[in-house]
Visitor: 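Structure provided below as structure tokens; questions to follow.
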Amino acid sequence: MEIVFQLLDCDYVLLDGLPLVRIFGKTEEGKSTCIFVKNYFPYFYIQVSEERKQELKTFLDKKFKNQILKIEEVEKFIPAGYQESKTKLQKIISKDPSQVPMIRDELSNQKFVEKIFEADILFKYRFMADWNLFGMRWYKVNGTKMKTQTVKADYPIELESIEEVQDKQSSFKFLSVDIETISEEGLPDATKDQIAIISLAFEPEFNGHSAIVLVAKPTARHNGDIQVFKNEKEMLQEFGKIISNYDPDMIIGYNVNNFDIPFISERFSQNKLSKTLGRDNQKPLMSHKIAGSFRNSIIGRTIVDVYDLVKETQIKTQLAEKGFSKLKRYGLDDVAKELLKEGKVEIIKSDIPKMWNGNSDQIKLLLDYARKDAELALKLLIRISMLDKFVEISKVSGLLLQDSLDGGEATRVENILLRKFDKEDFVLPLKPSSNEILKRSEDRISRGFKGALVLEPIAGLHTTPIIYLDFKSMYPSIFIAYNLCPSTVIIKPTNVTDVIETPNKVKFVGKSVREGVMPKVVRELIEERDKVRAEAKKTKDESKKKILEAKQIALKYMTNSFYGYTGYERARLYMLDIATSITACGRFLIEKTKSLVEEDKTLKVVYGDTDSIMVKTSLSNIDEAFATGLQLEKKVNKALEGIIQIKIESVFGSLLILSKKRYAGLSYEKSEDGWKEKLTMKGIETVRRDWCDLTSETLRIILEIILREKNPKKALNYMRDVIRKLDRNEIPVEKLVITKSITKSIRAYKGIQPHVELLKKLKKRDEASAPGIGDRIGFVIIHGTQLLSERSEDPEYVKIHKLKVDSKYYIENQILPPLERVFEAIGISKSEILHAGKQLLLTDSIKNGITKPENQVLHEIDGFICDKCNKTYTLMPMIGKCFDCGGEIEFYKGENKARYFSP
Amino acid sequence: MNAQEVINKFISKGFQLNSDSLKFFTENPEKIDDFITELENLPQKPTTITKENVTKFLETTESEIKIIEEFPRQNKVLTTNEVAQIYQNQFDRIKKILSNRIDLPNSISINKISDKLKEFSIIARVSQIDGSKIILEDLTNQITVTFPNSESDKQFLIEGEVAGFICSNTERGLQIKKIIWPDLQFKKEVTKGTGKIMFSNTTDEKLQQSSIKIFLGNEGLFLERDSEIKKISDPCILEMNGVRIFVSHGKILEKYKAKLGDTAAKIILNLARKRIIFPPKSIAENFVLEEIPDIFVVDSFGEAEAITYKGTTFLSLGDPNKKKTAWIVDLQTRENVKIDLN
């Protein structure tokens with residue numbers, strides 16, 4: 001029988017004590033497959049001296065007679081350091097993969113063992129590497145159909161032959177899962193609290209349903225997609241049946257990894273139900289907590305957490321590339337509203353227990369709420385195509401999709417290296433032990449790890465065009481140009497003459513001696529990416545273009561992972577010398593470029609960061625600057641030929657640099673239709689959760705005025721205007737709302753915090769409508785004499801009672817801090833900015849009847865004193881307020897106090 | 001310019017080159033004219049130019065000393081907010097350094113400390129030391145802790161410094177188990193440059209051995225170069241041919257004698273380990289050392305001393321009223337030679 005399928009998962013079981021590999025997949029027609037492979041066994045390598053080989057054989061015979069199938073002598077290059085010849089190693093082939101760790105551990109205690117290699121490679125990845133199989137790629141398999149009860153697959157086949165074929169159209173089934181639990185107090189506890197509702201959304205539909213809601217309560221049916229059960233146990237059993245019948249390839253959800261799946265797993269255990277929810281009838285759903293997060297797996301299916309994908313996509317700024325603004329919050333409601341323009345069903349989360357025990361209308365609303373959550377997660381995944389990149393990462397790295405989603409960069413890089421090093425006859429070392437990791441960390445600290453070069457910027461407002469030059473794939477290019485690899489680094493004396501020395505004096509053999517494995521991989525990835533980009537440009541088919549786009553992103557991502565890998569302490573092939581060489585070369589290239597650029601005295605480098613530099617011209621327009629940029633490109637590329645290429649990215653019409661990694665500018669990129677203008681900002685906080693909208697809005701407008709109109713005075717006047725309006729209560733309350741989450745019960749909070757104080761007030765006013773744990777609470781700081789936290793108030797209450805906001809708070813804590821830095825960079829001093837603030841202080845003090853002379857300046861001080869409770873401090877509290885009462889702090893000397901000090 | 005052309009140029013001026021100097025000028029032809037001018041001004045001209053001639057030439061022409069960072073006196077009027085921000089800024093910068101320390105795992109902010117935590121670590125400023133009680137503060141709150149352990153560690157703490165604290169929550173309250181200072185980075189390779197520089201606490205005429213001198217006195221710091229004298233700020237960070245040098249008179253260090261050492265070199269070393277130079281209570285910007293200079297030189301009290309710690313050199317000249325001393329530092333070898341002028 002012959003079928004063509006996409007590789008989704010791989011594992012093994014033991015059959016009569018021998019491993020049977022299983023490859024799970026899906027055909028283009030949507031049929032599930034399971035390919036069985038016999039006669040593949042685990043193996044690893046041992047280095048023993050010639051004289052002690054017999055001791056090894058005797059030991060293995062004695063201790064593991066029934067486990068070891070064969071010992072072969074092979075020749076391989078051992079890792080770390082250039083070697084001219086291979087080393088003899090003993091290849092140990094054993095029966096049972098699960099016994100390999102034990103055999104390895106026993107061997108590592110033996111004196112005759114010099115070194116052990118590759119004894120900790122996961123059996124499935126060992127198999128896939130040896131058979132050249134990659135996750136998510138397509139294969140044609142020939143084999144015999146099998147009869148088996150152990151897997152659920154349309155085509156269970158015993159393998160005869162397999163070969164890769166071109167990509168086809170995937171036909172995945174997605175099942176979105178969302179649970180609602182009822183817990184009266186605090187966060188739900190899976191050992192005690194039950195699941196009340198399981199909502200499921202399907203793509204494609206399941207039995208004519210796009211969604212089904214399972215309810216663990218015998219309430220009247222409201223709708224065809226609602227199924228009711230006597231209790232939680234029956235509901236969970238139905239959940240299991242649906243999974244079995246629908247047979248999804250992906251189980252998805254929002255925060256499903258750290259909440260829904262672990263909760264479901266525990267509830268199955270508590271109800272003593274079988275957890276075989278995968279495509280295997282024996283292995284259960286696995287859910288383990290590791291370092292604060294859960295790792296979950298279901299055989300033959302992939303668990304996709306949309307929350308993780310949103311954050312990952314956000315971080316890699318792909319949302320911005322898709323035209324979405326940066327998210328302030330990652331809650332499902334915020335994300336769905338931003339990306340899908342629709343949000344959750346609006347209920348107050350803490351009302352759920354009440355609604356569950358309420359009337360039929362309340363229960364209906366609750367069920368609608370639950371259903372919508374499952375639907376939104378599914379829509380997000382499909383509409384924003386966030387999975388594509390990870391599918392492509394699997395295809396490049398060879399990892400299964402689940403590991404591409406859950407694993408880190410190191411896992412992806414190592415999987416490629418396992419294959420490539422093996423091809424070049426190298427063995428890989430074991431993963432480092434905890435002691436080794438500690439030693440590596442200490443080594444890093446003692447040697448110091450000098451990172452990328454960030455040139456000291458020329459801060460201020462630059463109003464003549466600035467050319468932005470970018471090195472193309474800097475670190476990957478360095479890998480290739482300097483031939484950096486554990487297989488090429490010279491650690492022992494050698495007679496080789498073709499030697500490359502990096503600026504930090506580490507030596508590598510040249511390409512004529514050996515092309516390093518890592519540079520080779522990097523080069524192949526870059527070439528592949530260039531091909532894919534060229535194809536994407538030519539293609540008119542939108543869906544194909546999307547996949548090619550995802551592929552080139554995956555390739556870029558993988559290419560750029562190698563540098564981090566070499567400096568990652570937990571990496572098998574950790575080599576600090578390589579990581580430091582890369583950054584040393586990078587620094588050298590930036591410095592070299594700077595000196596080349598500045599040979600022309602009309603040009604000045606105003607900033608440079610890792611792989612880009614900004615060159616200020618004295619020209620008057622963007623076109624001339626761009627032409628100059630092209631000349632610079634040519635000049636630098638000629639000087640650095642064979643190492644790296646630089647490219648002009650854009651031209652800034654105006655640029656405001658605050659400090660390293662913090663700038664904003666109006667950039668112009670050349671496009672077919674002319675110049676594309678963009679306000680570029682880096683490191684300037686326009687999105688922060690603890691700021692009100694007025695802050696981000698004011699900051700953005702001020703930056704626009706400064707950059708577009710080059711008019712700092714106008715920007716200052718605008719800010720003063722905002723401050724004036726604040727003082728006159730003319731700013732809409734909505735723009736002054738600060739929001740924070742309620743994560744625990746009131747009594748669990750230590751210390752006084754504004755949102756908690758407001759919550760106490762709201763509960764007193766109306767217990768029933770007060771927000772609860774898990775809700776976000778918005779507050780405004782109003783004017784008054786109490787502690788700051790006690791002056792937090794509900795925005796609606798403020799509007800209804802026409803309360804005055806504490807303008808001083810907003811000016812000093814929300815508006816001034818980010819704007820001071822901007823104005824300082826353009827030469828407007830703090831005192832000029834504070835001029836407006838000082839006026840307010842005076843007005844304030846007159847209003848409150850305080851008669852202290854505001855303009856007293858002390859020239860010597862004994863320390864600092866609270867103007868409310870008179871507590872003294874040797875050092876000014878960093879928060880600027882009294883820790884005890886929240887009062888304002890002043891300078892003091894003897895009996896005299898003042899707000900100003902001149903040393 | 002090829003080797004033959006270089007040879008011809010020198011021969012036309014009456015000089016021969018040995019192989020070392022020929023190699024140098026073939027690689028650096030732009031220096032030929034200046035070198036020949038220099039040679040022609042010498043009272044006794046060599047016939048054959050050797051490596052020694054070239055080295056001396058480089059010392060005198062290539063020595064470039066620049067001021068990297070100055071610390072002018074604060075003259076402006078400060079508000080309490082500005083002072084708070086100065087301290088916040090210092091705190092943030094040292095916190096960033098400490099956050100990279102692996103022996104300070106997962107620090108939390110003070111407002112997150114609860115009874116459930118038996119052991120935790122924080123990054124905090126020492127606000128007050130009051131006997132056995134220490135008040136620590138960060139940007140969220142402050143706490144009082146005690147320090148039952150090593151007296152010497154507690155002795156070493158100064159008000160205003162920022163450090164990492166590993167604490168335990170015991171029946172007797174919060175206690176410090178261990179203090180993690182930012183400390184210096186270990187320099188695997190000692191930074192070297194070219195040329196020599198002299199530091200002295202006297203203007204004795206016998207000190208003619210170096211064309212670049214820094215005088216540390218009560219009146220201030222002075223940089224002398226080729227007989228030109230310029231006043232520089234105290235403290236000051238200079239760079240000479242790639243080597244960074246911190247200089248200060250250091251009078252202000254005397255108040256730390258009891259806590260941080262008996263010589264100025266030891267005290268400045270210990271302040272450098274805290275990454276804050278000079279009394280942290282001073283309200284001034286930029287007293288935080290993010291990048292550690294290669295050499296520290298201070299004067300004012302105690303004995304003249306040279307200490308090397310993790311590849312960084314600490315020199316003190318000692319009390320000028322008691323001993324007139326100079327240090328000559330050869331930047332190429334990083335050797336320090338003391339000259340006793342008494």
Side-chain angles (χ1 to χ4, degrees), chain A residues 292 437-438 440-450 456 504-505 569 580 744 748-753 812-813 816-817 820-821 829-831 834 837-838 841 855 857-859 861 863-865 867 872-881 883-884 888-891 898-903, chain B residues 68 73-92 100-103 106 109-116 124-130 135 137-144 159-162 183-189 280-284 291-292 310-311:
Chain A
I437 293 169
L438 194 60
R440 289 176 177 182
S441 301
E442 283 167 355
D443 181 49
R444 275 175 82 104
I445 293 171
S446 66
R447 283 170 62 179
F449 182 31
K450 216 170 172 184
E456 198 56 49
N504 60 329
K505 311 286 180 244
E569 290 139 358
T580 53
K744 42 194 168 186
Y749 278 98
K750 298 248 178 233
I752 314 164
Q753 295 185 53
E812 287 179 9
N813 293 282
L816 282 180
E820 262 166 13
R821 291 189 274 277
S829 68
K830 276 181 198 170
S831 50
L834 283 172
K838 276 188 200 167
L841 283 172
N855 57 357
V857 177
L858 290 176
H859 298 285
I861 56 171
F864 304 85
I865 187 167
D867 74 349
T872 57
Y873 295 90
T874 325
L875 288 171
M876 174 74 176
M878 290 190 289
I879 58 168
K881 305 259 186 247
F883 278 113
D884 285 0
E888 299 292 325
I889 301 288
E890 292 180 307
F891 302 98
R899 286 187 188 259
Y900 306 100
F901 167 59
S902 176
Chain B
I68 301 297
R73 285 186 75 77
Q74 286 279 358
N75 285 323
K76 55 186 246 180
V77 174
L78 293 167
T79 64
T80 48
N81 268 344
E82 281 170 328
V83 172
Q85 267 158 36
I86 286 167
Y87 286 135
Q88 272 181 37
N89 180 264
Q90 285 181 355
F91 176 80
D92 283 338
N100 290 327
R101 292 287 299 255
I102 55 143
D103 46 353
N106 301 330
S109 48
I110 290 177
N111 69 340
K112 293 264 175 6
I113 297 169
S114 71
D115 294 333
K116 285 185 193 159
R125 184 179 74 163
V126 177
S127 292
Q128 208 174 324
I129 301 173
D130 182 9
I135 298 178
E137 171 201 354
D138 68 8
L139 298 174
T140 63
N141 214 331
Q142 59 169 197
I143 46 167
T144 304
E159 285 178 349
E161 70 164 293
V162 178
D183 213 339
L184 268 59
Q185 264 177 324
F186 181 69
K187 292 184 178 168
K188 186 190 177 188
E189 272 193 42
K281 287 200 255 185
S282 299
I283 302 171
E291 224 184 284
I292 300 291
K310 291 193 177 177

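Here is the naming used below: chain letters follow the sequence lines, and residue numbers restart at 1 for every chain.
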Visitor: Give, for atom CD of B:Q128 and atom OG1 of A:T872, the distance between the pair rounded to the nearest 0.5 Å.
Guide: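 Here the interatomic distance stands at 7.5 Å.
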Visitor: Kindly compute the distance separating OH (A:Y900) from OG1 (B:T80), expressed to the nearest 0.5 Å.
Guide: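 Going from the OH atom of A:Y900 to the OG1 atom of B:T80 covers 8.0 Å.
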Visitor: Under the rule for side-chain hydrogen bond (donor to acceptor under 3.5 Å, both in side chains), what residues qualify as partners of B:Q88, not counting sequence neighbours?
Guide: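 Expected list: none.
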Visitor: What distance separates A:M878 CE from B:N89 CG, expressed to the nearest 0.5 Å?
Guide: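 With rounding to 0.5 Å, CE (A:M878) is 11.5 Å from CG (B:N89).
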Visitor: Quick check on the interface: out of A:H859, A:M876, A:K505, who has the most heavy-atom pairs with chain B under 4.5 Å?
Guide: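 Winner by heavy-atom pair count: A:M876.
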Visitor: Atom CD of B:Q142 and atom OH of A:Y873: how far apart are they, to the nearest 0.5 Å?
Guide: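 Spacing of CD (B:Q142) from OH (A:Y873) equals 5.5 Å.
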Visitor: Without swapping roles, check the side chain of B:E159 against the backbone of A:L875 for a donor-acceptor pair under 3.5 Å.
Guide: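 Not a single qualifying donor-acceptor pair exists.
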Visitor: Can you list everything that forms a side-chain hydrogen bond (donor to acceptor under 3.5 Å, both in side chains) with B:D92? Sequence neighbours excluded, please.
Guide: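 So B:D92 forms no side-chain hydrogen bond (donor to acceptor under 3.5 Å, both in side chains) with any residue.
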Visitor: Show the nearest heavy-atom pair for residues A:F891 and B:V83, with the distance to one decimal.
Guide: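 Here A:F891 and B:V83 meet closest at CZ-CG2, 3.5 Å.
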Visitor: Taking all atoms of both residues into account, what is the closest heavy-atom pair of A:G880 and B:A84, and its distance?
Guide: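 Here A:G880 and B:A84 meet closest at CA-CB, 4.0 Å.
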Visitor: Checking heavy atoms, do the side chain of A:P817, its backbone, both or neither come under 4.5 Å from chain B?
Guide: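 It is neither, since no heavy atom gets under 4.5 Å.
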Visitor: Can you measure from CZ (A:F883) to CD1 (B:I110) and round to the nearest 0.5 angstrom?
Guide: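 That separation rounds to 7.5 Å.
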